[in-house]
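Presented below is the structure to which this report refers.
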Amino acid sequence: ASDNGNDFELGMKFQAATAGYITAIRYWRSPSDPGPHTGNLWASTGGTPLATVTFTNETASGWQEQALDSPLNILPGTTYVVSVNVNSNFAIPGAGLASAIVNGDLSSVADGANGVFALTPGSFPALSANNNNYFRDIVFVAGPVITNATGDGQTGEVNTALAQPLVIEVRDAGGNPLAGTNVDFLVTAGGGSVSAASVLTDANGLASTVLTLGPAAGANTVSATARS
């Protein structure tokens with residue numbers, strides 16, 4: 001079945017049973033739904049999206065998948081929301097999320113108010129009706145938990161190194177520090193550079209790098225990804 005051709009933001013609440021990363025957003029496209037399409041990942045309370053992607057090279061219909069610019073670390077047992085806008089008709093099986101759908105470490109949230117939507121594309125989908133399944137999904141890879149330890153939120157002059165290193169902490173799903181884990185640091189905005197792009201965590205699960213700010217005023221953003 002499909003709706004009447006209005007624009008919406010359509011989403012699904014989900015959880016992971018173990019720590020890991022979201023690497024891509026997926027959704028099912030109706031043949032009568034034109035682009036463009038943007039995917040968002042949200043905390044359960046909304047606010048600013050945790051990650052956003054614009055879909056490219058879409059097929060006329062069926063499942064579409066778009067990789068994130070950098071993987072998004074998520075915590076086990078925590079509710080998140082994935083959503084993609086719709087510009088026209090869309091699939092809508094009624095009560096499709098009334099019961100949890102489990103796929104490996106991932107599951108939809110059966111809280112009686114899943115199948116979420118917003119009346120404005122790009123807005124946090126906080127509304128729900130009939131637990132409808134709008135076929136929004138993610139690609140998930142199990143892995144360690146990364147958190148900021150110190151160094152976030154610093155300011156400085158353009159083309160200069162920050163006073164304090166950026167330090168992240170890597171732990172396993174049980175909360176234990178992971179020593180000897182490869183951490184990749186990548187500047188994703190601002191044009192800056194890092195002193196070390198790949199670092200091994202120490203005995204306390206810590207890894208650090210120093211950020212030199214880019215040539216123009218504005219925010220510099222660095223992502224950190226842990227790998228075996």
Side-chain angles (χ1 to χ4, degrees), residues 1-17 20-74 78-141 188-189 221 223:
S2 61
D3 208 330
N4 57 10
N6 292 331
D7 296 346
F8 296 103
E9 185 81 6
L10 304 178
M12 177 188 71
K13 302 175 190 177
F14 67 92
Q15 291 187 354
Y21 302 90
I22 298 173
T23 61
I25 294 177
R26 305 174 69 236
Y27 84 101
W28 197 91
R29 179 179 181 179
S30 166
S32 56
D33 179 23
H37 294 101
T38 300
N40 291 295
L41 290 163
W42 314 80
S44 62
T45 54
T48 302
L50 303 174
T52 299
V53 294
T54 300
F55 282 81
T56 58
N57 301 317
E58 292 189 62
T59 59
S61 64
W63 282 104
Q64 315 294 319
E65 182 176 314
Q66 187 67 43
L68 303 184
D69 291 336
S70 58
L72 176 67
N73 183 218
I74 63 172
T78 301
T79 298
Y80 299 90
V81 177
V82 57
S83 66
V84 180
N85 69 294
V86 63
N87 302 297
S88 186
N89 297 327
F90 53 92
I92 179 175
L97 295 177
S99 299
I101 298 174
V102 180
N103 182 13
D105 291 321
L106 291 177
S107 64
S108 62
V109 175
D111 61 354
N114 208 340
V116 290
F117 66 94
L119 301 178
T120 303
S123 299
F124 176 64
L127 304 173
S128 179
N130 200 34
N131 292 293
N132 295 324
N133 187 352
Y134 301 118
F135 296 105
R136 270 52 183 165
D137 199 4
I138 61 166
V139 177
F140 174 76
V141 179
T188 58
T221 305
S223 69

Exercise: identify the closest heavy-atom pair between Gly39 and Ile25
C-CD1, 3.6 Å
Euclidean distance, Ser128 OG relative to Asp111 CG, rounded to 0.5 Å
7.5 Å
I'd like a table of donor-acceptor pairs (distance under 3.5 Å, sequence neighbours excluded) in which one partner is a side-chain atom from residues 96-108, with atom names and distances.
from   : atom 1 : to     : atom 2 : distance (Å)
Ser108 : OG     : Ile101 : N      : 2.8

Which residues pass the side-chain contact (heavy atoms from CB on, under 4.5 Å) test with Pro36, sequence neighbours left out?
none
Can you tell me which residue pairs pass the salt bridge (charged side-chain N to carboxylate O under 4.0 Å, His left out) test with a partner in residues 86-96, sequence neighbours excluded?
none
Any donor-acceptor pair under 3.5 Å from Glu9 side chain to Phe124 backbone:
no
Applying salt bridge (charged side-chain N to carboxylate O under 4.0 Å, His left out) as the test, list every pair that has at least one member in residues 41-56; sequence neighbours left out.
none
Could you list the residues that satisfy side-chain hydrogen bond (donor to acceptor under 3.5 Å, both in side chains) with Thr221, not counting sequence neighbours?
none
Going by side chain to side chain donor-acceptor pair (under 3.5 Å), name the pairs with one or both residues in residues 46-57, residues two or more places apart or in two chains.
Asn40-Thr52, Thr56-Gln66
Arg136 side chain to Val84 backbone, donor-acceptor under 3.5 Å
yes
Taking only residues two or more places apart in sequence, or in another chain, which ones meet Tyr27 in a ring-ring contact (aromatic ring centres under 6.0 Å, His included)?
His37, Phe55
With sequence neighbours left out, which residue pairs that include part of residues 117-134 fulfil the salt bridge (charged side-chain N to carboxylate O under 4.0 Å, His left out) condition?
none
Residues in ring-ring contact (aromatic ring centres under 6.0 Å, His included) with Phe135, at least two apart?
none
Interatomic distance, Ile22 atom CD1 to Asp137 atom CG [nearest 0.5 angstrom]
10.0 Å
Between Asp7 and Pro121, what is the shortest heavy-atom contact and its length?
CB-CG, 3.6 Å
Pro71 side chain reached by Val141 side chain, heavy atoms, under 4.5 Å:
no
Answer yes or no: does atom CG of Asp69 have more than 12 heavy-atom neighbours from other residues, nucleotides or ligands under 6.0 Å?
no
Tell me the closest heavy-atom pair linking Gly47 and Trp42, and the distance in Å.
O-CZ3, 3.1 Å
Which heavy atom in Ala16 sits nearest to a heavy atom in Ile74, and how many Å separate them?
CB-CD1, 3.9 Å
State the CG-CG distance between Leu68 and Leu41, to the nearest 0.5 angstrom.
6.0 Å
To the nearest 0.5 Å, atom OG of Ser83 lies from atom CZ of Phe8 at 14.0 Å
Is any side-chain heavy atom of Ile92 closer than 4.5 Å to a side-chain heavy atom of Tyr134?
yes
Asn85 versus Asn87, closest heavy-atom pair with distance:
ND2-OD1, 3.4 Å
Indicate yes or no: at least one non-hydrogen side-chain atom of Ile138 is less than 4.5 angstrom from one of Tyr80.
no
If I compare all heavy atoms of Leu50 with all of Ala43, which pair ends up nearest, and what's the gap?
CD1-N, 3.6 Å
Anything under 3.5 Å between a donor and an acceptor, one on a side chain of residues 112-120, the other on a protein residue two or more places apart or in another chain? List them.
from   : atom 1 : to     : atom 2 : distance (Å)
Asn114 : OD1    : Lys13  : N      : 2.8
Asn114 : ND2    : Lys13  : O      : 3.1
Asn114 : ND2    : Val109 : O      : 2.8

Under the rule for side-chain contact (heavy atoms from CB on, under 4.5 Å), what residues qualify as partners of Ser44, not counting sequence neighbours?
Thr79
If a pair satisfies salt bridge (charged side-chain N to carboxylate O under 4.0 Å, His left out) and one of its residues is in residues 39-65, list it, with sequence neighbours excluded.
Arg26-Glu65, Arg29-Glu58
